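A short write-up of the structure that comes next.
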Amino acid sequence: MALVLDHQSADVDDQAQALSGWQQRYEQLGRGRFRGSARQVVMADGTVLRESTNRQLREQIRPPSDCLVLAIPLSVAPGSVFAGRPLDGDALMVISGHEEYELVAAGELDLLALSVDRRRLGGMLAPEEIEWLARAERQRRWALAPDTAGAVRSQLLAVCSAAGRCAPGAVIDIENEPALIGATLAHTVALAMSDGGADRGAVGIPRRADSRLRVVKRAIEFIRANLQEDIGIPEICAAACASRRSLQYCFEEFLHTTPQAYLRALRLNEARRRLKQPGDQPITLLACAMGFSSASHFTRHYKLMFNELPSQTQRRRTRDA
């Protein structure tokens, strides 16, 4: 069962109190009569919400401490800003309950959002999706391609629409409600991961070959220095001073592989060196140290790379000794 909460407001202070459990402060900056609304569809594992305001506002927002929120504009006035960065219609905002955020709406703003209990993420997402979500949380704003942003908006709107028109405080039965939040979250994350646009709008591909080679060298230097750290493509892009598209192009030009595959290959090679050293390091611990989500994930890629299992490398080292 789902609880539907609807709120209509003609005052910014009243609107700031519309979302249950949120700490918010709104200041009206634009002239004219204020109108705001909020709809929350509250389910066991999370909430889908939609909030609309019609005036220039400065908003200080903080969701409940145990929540993680993914939000995207349905419509947004040009010049709006979230967390110090431009907010446009294709921006996915990742909002944590652990800190306060500032949003400046330059005019009308209509937002869709999915709020989930972060303690339940492990049951909703795969390990690589949780890893991506942690990186996106640090980025705060993830730029999407227009088609991807449209798909995210459509699925969040579908959940809001499933509640239909009902009286405030109504408890309704939504089809597949127990699994709906998890499925919506997983689909949203999968869409954003496939798009991968944290750096959208960054600099293009360098024209000179030596400049492109320097991109690769900076990336390799960073990867080698951080093999055992929790790094991914956003961090490599930042270290290489390149956009995701530029980094991909340069790697394929000079190394005939992708940055992701190169990072994995270096980790596998380092793991092989350690397996050939004296001592019997548990493969599970080695896989974790090298950034693999599980021993089976590590073993599969290791065999693909070296045509033997990690345990076979260990045994041959023992036999040769």
Side-chain angles (χ1 to χ4, degrees), residues 85 88 90-92 94 126-136 138-139 141-152 187-274 287 289-294 296-308 310:
R85 301 174 65 189
D88 57 37
D90 299 330
L92 181 69
V94 185
E128 61 271 19
E129 292 172 328
I130 294 177
E131 179 183 355
W132 176 89
L133 198 56
R135 293 193 181 113
R138 294 193 293 269
Q139 293 275 355
R141 175 190 175 280
W142 197 265
L144 302 176
D147 288 349
T148 305
V152 171
H187 191 204
T188 299
V189 170
L191 284 168
M193 286 178 68
S194 66
D195 187 67
D199 60 340
R200 196 174 301 281
V203 294
I205 299 170
R207 293 185 178 183
R208 293 169 55 92
D210 58 342
S211 298
R212 297 195 298 274
L213 183 58
R214 280 197 295 272
V215 167
V216 174
K217 289 181 176 179
R218 285 194 296 265
I220 291 175
E221 182 180 350
F222 175 78
I223 291 171
R224 289 187 183 278
N226 293 276
L227 271 184
Q228 292 185 250
E229 302 300 324
D230 181 22
I231 62 169
I233 299 306
E235 290 79 11
I236 299 172
C237 286
C241 303
S243 70
R244 189 184 188 101
R245 176 170 169 265
S246 177
L247 187 72
Q248 181 96 359
Y249 182 94
C250 295
F251 263 70
E252 290 178 353
E253 178 183 13
F254 291 104
L255 299 177
H256 306 291
T257 188
T258 66
Q260 298 97 321
Y262 186 82
L263 172 61
R264 182 170 59 244
L266 257 61
R267 284 174 165 167
L268 288 169
N269 277 275
E270 177 61 23
R272 186 173 178 83
R273 294 186 191 99
R274 296 189 184 191
M290 289 293 104
F292 289 87
S293 58
S294 66
S296 60
H297 184 223
F298 166 70
T299 299
R300 183 169 64 253
H301 282 288
Y302 190 95
K303 190 172 190 305
L304 286 171
M305 177 68 76
F306 303 115
N307 199 33
E308 67 178 16

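Everything numeric in this text was worked out from a predicted model, so none of it was measured.
In terms of heavy-atom proximity, Ala192 sits nearest to Thr148 at N-CG2, 4.4 Å. Asp90 and Ala149 get closest at one heavy-atom pair: OD1-CB, 3.4 Å. Summarising the geometry of Ile231 relative to Arg267, their closest heavy-atom pair is CG1-NH2, 3.8 Å, with the distance given to 0.1 Å. The shortest non-hydrogen separation linking Ser294 to Ala287 is O-CB, 4.0 Å. The minimum heavy-atom distance linking Ile233 with Pro259 is given by the pair CD1-CB, 3.7 Å. When every heavy atom of Val94 is checked against every heavy atom of Ala136, the shortest pair comes out as CB-O, 3.7 Å.
Taking the side chain as every heavy atom from C-beta outward, Trp132 and Trp142 approach each other to under 4.5 Å. Side-chain contact between Asp230 and Arg135: present, with at least one pair of heavy atoms (C-beta onward) separated by less than 4.5 Å.
For residues 298-308, every residue pair satisfying the salt bridge (charged side-chain N to carboxylate O under 4.0 Å, His left out) rule, not counting sequence neighbours, is listed here: Arg272-Glu308, Glu308-Arg316. The stretch residues 213-232 participates, sequence neighbours left out, in no ring-ring contact (aromatic ring centres under 6.0 Å, His included) pair at all.
By the side chain to side chain contact (heavy atoms under 4.5 Å, CB included) test, Tyr262 pairs with Ile220, Ile223, Arg224, Phe251, Leu255, Thr257, Leu266, sequence neighbours left out. Legend: residues meeting side chain to side chain donor-acceptor pair (under 3.5 Å) with Arg212, ordered by chain and number and at least two apart, are Glu253. Evaluation of the side chain to side chain donor-acceptor pair (under 3.5 Å) rule for Arg274 yields Gln228, Glu270 as partners, not counting sequence neighbours. Residues satisfying the ring pair (Phe, Tyr, Trp, His ring centres under 6.0 Å) test with His297, not counting sequence neighbours, are Phe292, His301. Taking the side chain to side chain donor-acceptor pair (under 3.5 Å) definition, one finds that Thr188 meets it with Gln155, sequence neighbours left out. Phe306 is linked by a ring pair (Phe, Tyr, Trp, His ring centres under 6.0 Å) to Tyr302, counting only residues two or more places apart in sequence or in another chain. Residues satisfying the side chain to side chain donor-acceptor pair (under 3.5 Å) criterion with Asp210, sequence neighbours excluded, are Arg208. With sequence neighbours excluded, the residues satisfying side chain to side chain contact (heavy atoms under 4.5 Å, CB included) with Ala126 are Glu128, Glu129. Thr258 pairs by the side chain to side chain contact (heavy atoms under 4.5 Å, CB included) definition with Gln248, Glu252, Gln260, Ala261, not counting sequence neighbours. Legend: residues meeting side chain to side chain contact (heavy atoms under 4.5 Å, CB included) with Ala271, ordered by chain and number and at least two apart, are Leu286, Met290, Phe298.
Rounding to the nearest 0.5 Å places SG of Cys237 at 11.5 Å from CZ of Arg218. Rounded to the nearest 0.5 Å, atoms CG (Asn269) and CZ (Arg264) are 12.0 Å apart. Taking CZ of Arg245 as the start and SG of Cys250 as the end, the distance is 10.5 Å to the nearest 0.5 Å.
A salt bridge does not link Arg214 to Glu221: none of the charged nitrogens lies less than 4.0 Å from a carboxylate oxygen.
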